[in-house]
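To start, the structure itself, in structure tokens.
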2 protein chains.
Amino acid sequence: MNSTEQQSWQSVHDEVLRRIHTRVWKPGDLIPKEVELAEQLGCARATVNRALRELASEGFLDRRRKAGTRVAAHPVRRAKLDIPVIRLEIEGRGQKYAYALLFSERRTPPPEICANLGVTAESDMLHITSLHLADGKPFMFEDRWVSIKATPTILDADLEKISANEWLVLHAPYTRGDIYFSAVNASAAEAKVLRTDPGTSLFLMERTTWENNTGITSARLLFAPGYRKHSAI
Amino acid sequence: MNSTEQQSWQSVHDEVLRRIHTRVWKPGDLIPKEVELAEQLGCARATVNRALRELASEGFLDRRRKAGTRVAAHPVRRAKLDIPVIRLEIEGRGQKYAYALLFSERRTPPPEICANLGVTAESDMLHITSLHLADGKPFMFEDRWVSIKATPTILDADLEKISANEWLVLHAPYTRGDIYFSAVNASAAEAKVLRTDPGTSLFLMERTTWENNTGITSARLLFAPGYRKHSAI
DNA sequence: AGAAATATTATGTACGTACATATTATCTTT
DNA sequence: AAAGATAATATGTACGTACATAATATTTCT
């Protein structure tokens with residue numbers, strides 16, 4: 001690289017990554033400081049900074065003020081998982097989406113939901129179960145509790161037409177959430193809804209979302225057999 | 001916000017996010033352009049740019065040159081999953097890590113591995129199975145194929161002492177990889193290794209990694225019952 | 001009117017300077 | 001020598017300017 005051509009932060013990013021990959025800089029190594037790299041690569045420090053910042057957020061570098069920048073000793077790969085609305089996930093596979101509301105009731109929550117959302121047992125909540133279908137076949141079974149106090153307008157939503165999943169995404173934005181992925185054996189009831197056999201291994205996604213410190217909704221999303229969640233890393 | 005105090009891109013980030021959350025700007029809405037926002041918030045365009053860029057990468061905004069910036073119509077939440085070395089994951093839970101090599105053999109791969117890695121059936125590969133334990137209990141069963149052509153030094157590694165998982169992370173950096181998460185019923189053999197019952201639902205992580213277009217390794221990581229993968233979103 | 005060329009515009013990025021901040025290294029004091 | 005104060009330093013960030021780029025809007029040409 002000569003000093004005349006303009007450098008993009010991407011080219012710096014790629015060059016640094018190349019040096020990590022080719023072990024010019026090994027895990028744990030201290031790499032040159034920003035000003036030195038900028039000089040080496042013929043660009044401004046801001047450009048190097050942007051590239052290194054990106055690499056740090058990707059988990060390749062550890063950066064600390066005054067201490068400098070090191071190649072991550074234990075490369076933690078950060079997989080980015082897109083969590084779209086179920087309808088879009090199904091349509092993205094080129095399948096036809098359908099949805100059925102199974103059950104909707106206003107009542108007080110069971111203990112595990114109280115614990116998840118941090119609410120009292122007397123809370124006013126909406127309990128909804130529904131089924132999402134791809135090409136007419138059961139794809140995902142949704143069992144959800146929504147806090148009516150946090151999201152009163154949910155009572156006006158026509159949950160026969162739009163799934164709670166999608167309604168909430170559009171009307172109840174949240175500031176933070178938890179997701180847990182696990183595997184469970186289908187219960188008799190779950191197996192029946194998903195048209196499979198009891199005991200079949202199912203992929204489970206448990207999601208709880210919050211607006212500041214108010215619990216909004218807690219959902220149990222159970223996917224039909226064969227479901228795989230993909231991520232490129 | 002007055003124009004004298006210095007703005008940080010984070011405060012701009014938070015303010016824009018607040019406006020999205022409070023529906024000042026609704027999904028699909030066009031938000032003010034960078035120069036206008038900068039004027040409103042009393043900071044430089046670069047600062048607004050940084051904040052909006054971040055929000056776009058988080059999935060809250062859609063940005064296009066000339067067309068402007070819109071609130072994402074279908075907020076795709078991007079969960080960040082950390083995929084550390086198994087040893088660190090177990091130690092991070094405060095448990096004691098142990099590891100046992102079960103089996104290691106140099107041979108040609110079966111068809112599904114060839115397909116995964118894009119190699120021929122005559123490839124020279126190392127097949128390794130091992131067990132990772134947390135506090136003495138089976139935690140994860142690893143079934144891995146490693147391309148000897150891509151990583152010849154694996155033959156010198158003492159896989160009784162260091163797991164292939166960890167050795168590869170340190171010695172065979174990759175440029176890209178795939179991860180699939182799913183749920184499977186334990187086979188008789190798998191159940192025996194993980195000390196559980198056949199048919200038990202198990203969390204499965206399938207990983208394939210590449211250096212440019214050369215397949216390096218393909219692994220099947222089967223977690224003991226009760227395993228949950230967490231992510232904050 | 002329709003197509004092609006051109007102008008316009010919002011975002012994308014580079015650069016240099018300035019200062020903030022966290023952390024380490026050094027010096028001073030007791 | 002230990003503790004505390006102080007200096008040094010690499011990264012973190014803000015700002016203004018300049019230009020690049022992609023997408024849209026407008027004008028020109030046929």
Side-chain angles (χ1 to χ4, degrees), chain A residues 1-17 19-20 25-73 76 78, chain B residues 1-17 19-20 25-73 76 78:
Chain A
M1 300 192 193
N2 64 59
S3 53
T4 55
E5 69 177 306
Q6 199 183 347
Q7 291 306 316
S8 70
W9 69 268
Q10 301 245 20
S11 73
V12 176
H13 175 281
D14 293 351
E15 171 60 18
V16 171
L17 195 51
R19 293 192 189 177
I20 295 173
W25 297 328
K26 296 185 245 333
D29 279 5
L30 194 66
I31 76 170
K33 47 191 157 188
E34 294 186 348
V35 278
E36 288 171 9
L37 266 179
E39 205 172 338
Q40 264 186 50
L41 303 174
C43 64
R45 183 170 83 91
T47 308
V48 173
N49 181 277
R50 167 101 191 247
L52 297 188
R53 181 155 37 83
E54 210 83 10
L55 284 162
S57 88
E58 291 169 87
F60 292 106
L61 295 176
D62 285 331
R63 317 193 72 203
R64 276 167 61 216
R65 281 177 180 170
K66 165 82 183 179
T69 302
R70 289 177 181 281
V71 179
V76 174
R78 240 150 248 165
Chain B
M1 303 190 191
N2 64 59
S3 52
T4 56
E5 68 177 307
Q6 199 183 344
Q7 293 305 315
S8 72
W9 69 268
Q10 300 247 19
S11 72
V12 176
H13 175 281
D14 292 352
E15 171 60 18
V16 171
L17 196 51
R19 294 191 189 177
I20 295 173
W25 296 328
K26 296 185 247 327
D29 279 5
L30 194 67
I31 77 171
K33 48 190 153 190
E34 293 186 349
V35 278
E36 287 171 8
L37 265 179
E39 205 172 336
Q40 263 185 50
L41 302 174
C43 64
R45 183 170 83 91
T47 309
V48 172
N49 181 278
R50 168 101 191 249
L52 297 188
R53 182 155 36 83
E54 210 83 9
L55 284 163
S57 90
E58 292 170 85
F60 292 106
L61 295 176
D62 285 332
R63 318 193 72 203
R64 275 166 64 214
R65 278 176 180 169
K66 165 80 183 180
T69 302
R70 291 177 180 281
V71 178
V76 173
R78 242 151 247 162

- salt bridge (Lys or Arg N to Asp or Glu O under 4.0 Å) between B:R45 and B:E36, worked out: CA-CA 9 Å; B:R45 183 170 83 91; B:E36 287 171 8; over 6 Å; no
Working to the nearest 0.5 angstrom, can you tell me the gap between [X] [atom1] and [Y] [atom2]?
X: A:L61; Y: A:D29; atom1: CG; atom2: CG; result: 11.0 Å
X: A:R70; Y: A:D62; atom1: CZ; atom2: CG; result: 9.0 Å
X: A:R50; Y: B:R53; atom1: CZ; atom2: CZ; result: 3.5 Å
X: B:I31; Y: B:W25; atom1: CD1; atom2: CH2; result: 4.5 Å

- Stepwise side-chain contact (heavy atoms from CB on, under 4.5 Å) test for A:H13 and A:E58: CA-CA 11 Å; A:H13 175 281; A:E58 291 169 87; 2.7 Å; yes
Can you see if the side chain of [X] gets near the phosphate of [N] - specifically, an N or O under 4.0 Å from OP1 or OP2?
X: B:T69; N: C:dA10; answer: no
X: B:N49; N: C:dG12; answer: yes
X: A:T47; N: C:dT13; answer: no
X: B:R53; N: C:dG12; answer: no

Give each protein N/O atom lying under 3.5 Å from an N/O atom of nucleotides 3-8 of chain C, with the pair distance.
| residue | atom | partner | partner atom | Å |
| --- | --- | --- | --- | --- |
| C:dT8 | O2 | B:K66 | NZ | 3.4 |

Integer-rounded Å distance: [N] [atom2] and [X] [atom1]:
X: B:E54; N: D:dG12; atom1: CD; atom2: P; value: 13 Å
X: B:L30; N: D:dT24; atom1: CG; atom2: P; value: 12 Å
X: A:H13; N: C:dT13; atom1: NE2; atom2: P; value: 13 Å
X: B:E36; N: C:dT11; atom1: CD; atom2: C1'; value: 13 Å
X: B:R50; N: D:dG16; atom1: CZ; atom2: P; value: 17 Å
X: B:W9; N: D:dC15; atom1: CH2; atom2: C1'; value: 17 Å
X: B:E39; N: C:dA10; atom1: CD; atom2: C1'; value: 16 Å
X: B:K33; N: D:dA23; atom1: NZ; atom2: P; value: 18 Å

- Just compare D:dG12, D:dT13, D:dC15 and give me whichever is closest to any side-chain atom of A:E34.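 Of all the options, the side chain of A:E34 is nearest to D:dG12.
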- Query: Where the side chain of A:R65 is concerned, which of D:dA14, D:dA10, C:dT11 is the nearest nucleotide?
  - Reply: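 That would be D:dA10.
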- Message: Between the opening five pairs and the closing five pairs of the helix from C:dA1-D:dT30 to C:dT30-D:dA1, how far apart are the helix axes, to 10°?
- Response: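 Terminal axis comparison yields 0°.
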- B:L37 side chain reached by B:Q40 side chain, heavy atoms, under 4.5 Å: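 Side chain of B:Q40 against side chain of B:L37, heavy atoms only: contact under 4.5 Å found.
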- Task: Would you mind reporting whether A:L17 and A:F60 have side-chain heavy atoms less than 4.5 Å apart?
- Result: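 They are in side-chain contact.
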- Task: Give a yes or no on whether a salt bridge exists between B:E34 and B:R63, defined as a side-chain N under 4.0 angstrom from a carboxylate O.
- Result: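 The answer is yes: the pair qualifies as a salt bridge.
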- DNA chain C: 5'-proximal contact among A:R64 and A:Q10 (nearest heavy atom):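 Closer to the 5' end of DNA chain C: A:Q10.
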- Item | Closest non-hydrogen atom pair, A:G59 against A:A72 |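 The pair with the smallest heavy-atom distance is O-CB, 3.5 Å.
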- Query: When all nucleic acid strands are considered with a 4.0 Å heavy-atom cut-off, which category describes A:R45: base, sugar-phosphate, or nothing?
  - Reply: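 A:R45: base contact, heavy atoms under 4.0 Å.
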